[in-house]
Amino acid sequence: MDQTKQDEEYGYDLFPERNTTKHKKSLIRDSLFIFNHKCQVMLTFAIETSPYAKVLLGAMKNSGCKVLKDRHFSCEDCDGTVSGGFDAASSQIVLCQNNIHQQSHMNRVVTHELIHAFDHCRAHVDWFNNFKHLACSEIRAANLSGDCSFSNEVARFNFGLKEHHQECVRGRAVRSILAVRKISREEAQKIVDEVFDSCFNDHAPFGRIPHGNKDAKFAYREYANRDRYYANL
């Protein structure tokens, strides 16, 4: 397949620094050093303090997939439409330093992408050829990362009562698939619908849907104490 066409079909065109043959250094890019430094500082704060990130990092370590900050995270300039991504080919999380400006946003992006990394670690996910696998991980990421929390939805002026959380998750999963795969909205919606129930109800490793930091902290304490619980059985 032509490299340009392959980049577009798999979403790599949204992350220009992933393509070293095309990306060229420039004075403008060099002047964005401050963005990279800020991104690194916020990333460090996220992985050290976010209860969401702590649960995921601990679960991955216990599954034999220890995450190293310098190896598995990369702050880069991206297309203006995305905040981050998981590069399965390199097992690396991309954080869009030009689009993430607040710590709360960084925390959500890190959590969202760590869920993809966790799925990559625990399951044989065929990211590039099996759309159902991709859809399932996108559903889980939207459901468990806080993307669809009440406060975030209010900030987006999205209001609803009956099954609003489910509809938010469904919609964000569809949009995520459309961002990285060249298929129609109807196809993406059909794929999401086919796997929605099972993937929406898969809450690993949190054990519940963490609707906020309070829930995430409880999940982290429960996860951290699991060995003590089983030792007493």
Side-chain angles (χ1 to χ4, degrees), residues 38-70 72-73 75 83-86 93-96 100-123 136-156 158-161 163-170 172-173 176 198-233:
K38 181 180 179 181
C39 177
Q40 295 288 347
V41 170
M42 289 195 296
L43 167 60
T44 299
F45 189 82
I47 62 179
E48 290 182 354
T49 66
S50 167
Y52 290 86
K54 286 183 175 182
V55 170
L56 288 157
L57 291 169
M60 290 181 67
K61 182 178 180 180
N62 285 339
S63 298
C65 301
K66 184 177 180 180
V67 177
L68 303 175
K69 177 177 174 287
D70 293 336
H72 295 107
F73 291 93
C75 290
S83 298
F86 177 68
I93 289 172
V94 181
L95 301 170
C96 298
I100 302 174
H101 305 295
Q102 296 179 333
Q103 187 64 51
S104 59
H105 189 191
M106 174 63 80
N107 292 352
R108 285 201 313 277
V109 175
V110 167
T111 301
H112 183 110
E113 303 308 334
L114 276 175
I115 291 169
H116 291 321
F118 174 76
D119 289 345
H120 186 68
C121 170
R122 70 167 182 161
C136 189
S137 192
E138 291 296 354
I139 290 166
R140 282 176 30 76
N143 187 28
L144 302 174
S145 66
D147 284 348
C148 289
S149 69
F150 178 76
S151 59
N152 286 327
E153 281 294 272
V154 169
R156 300 180 189 118
N158 292 331
F159 303 96
L161 295 175
E163 297 188 346
H164 180 75
H165 180 77
Q166 288 91 326
E167 290 309 306
C168 172
V169 169
R170 195 185 302 271
R172 293 186 73 83
S176 292
S198 61
C199 299
F200 182 82
N201 290 308
D202 180 359
H203 303 151
F206 295 96
R208 62 178 58 75
I209 299 175
H211 290 289
N213 277 333
K214 185 177 180 180
D215 284 346
K217 287 177 181 177
F218 186 83
Y220 175 66
R221 286 197 299 271
E222 195 172 68
Y223 179 83
N225 291 327
R226 73 198 183 289
D227 291 336
R228 186 187 307 170
Y229 170 78
Y230 288 117
N232 291 328
L233 290 180

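In this chain, residues are counted from 1 in sequence order.
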Nearest 0.5 Å please: distance from the [atom1] atom of [X] over to the [atom2] atom of [Y].
| X | Y | atom1 | atom2 | result |
| --- | --- | --- | --- | --- |
| Asn213 | Phe218 | CG | CZ | 15.0 Å |
| Lys69 | Ile47 | NZ | CD1 | 6.0 Å |
| Gln103 | Leu43 | CD | CG | 9.0 Å |
| Leu68 | Leu57 | CG | CG | 10.5 Å |
| Leu95 | Met42 | CG | CE | 9.0 Å |
| Asp202 | Asp119 | CG | CG | 7.0 Å |

Are the side chains of [Y] and [X] in contact, using a 4.5 Å heavy-atom criterion?
| X | Y | value |
| --- | --- | --- |
| Phe73 | Thr44 | no |
| Val110 | Ile93 | no |
| Cys65 | Arg122 | no |

Shortest non-hydrogen separation from [X] to [Y] and the atoms involved:
| X | Y | value |
| --- | --- | --- |
| Ser83 | Ile100 | O-CD1, 3.3 Å |
| Cys96 | Gly84 | SG-N, 3.5 Å |
| Met60 | Val67 | CE-CG2, 3.6 Å |
| Ala219 | Val55 | C-CG2, 4.1 Å |
| Val169 | Cys148 | N-SG, 3.4 Å |
| Leu56 | Pro205 | CD2-CD, 3.7 Å |

Given 3.5 Å as the limit, does a donor-acceptor pair link the side chain of [X] with the main chain of [Y], or not?
| X | Y | result |
| --- | --- | --- |
| Tyr52 | Gly146 | no |
| Arg172 | Asn143 | no |
| Arg140 | Ile115 | no |
| Ser145 | Asp147 | yes |

Using the test side-chain hydrogen bond (donor to acceptor under 3.5 Å, both in side chains), find all partners of Glu48 that sit at least two apart in sequence or belong to another chain.
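Result, side-chain hydrogen bond (donor to acceptor under 3.5 Å, both in side chains) vs Glu48: none returned.
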**Q.** Pairwise salt bridge (Lys or Arg N to Asp or Glu O under 4.0 Å) hits with a residue in residues 206-217, at least two apart
**A.**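 Found Arg208-Glu222.
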From the options His72, His112, Glu113, select the one residue that forms a side chain to side chain contact (heavy atoms under 4.5 Å, CB included) with Phe86.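 Checked His72, His112, Glu113 against Phe86; only one passes side chain to side chain contact (heavy atoms under 4.5 Å, CB included): Glu113.
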**Asked** Would Ser50 and Asn107 count as having a side-chain donor-acceptor pair, cut-off 3.5 Å?
**Response**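 Side-chain D/A pair, Ser50 to Asn107: absent.
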| said: Just by distance, no angles: are the side chains of His120 and His116 close enough, under 3.5 Å, to form a donor-acceptor pair? | reply: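 No, His116 and His120 have no side-chain donor paired with an acceptor closer than 3.5 Å.
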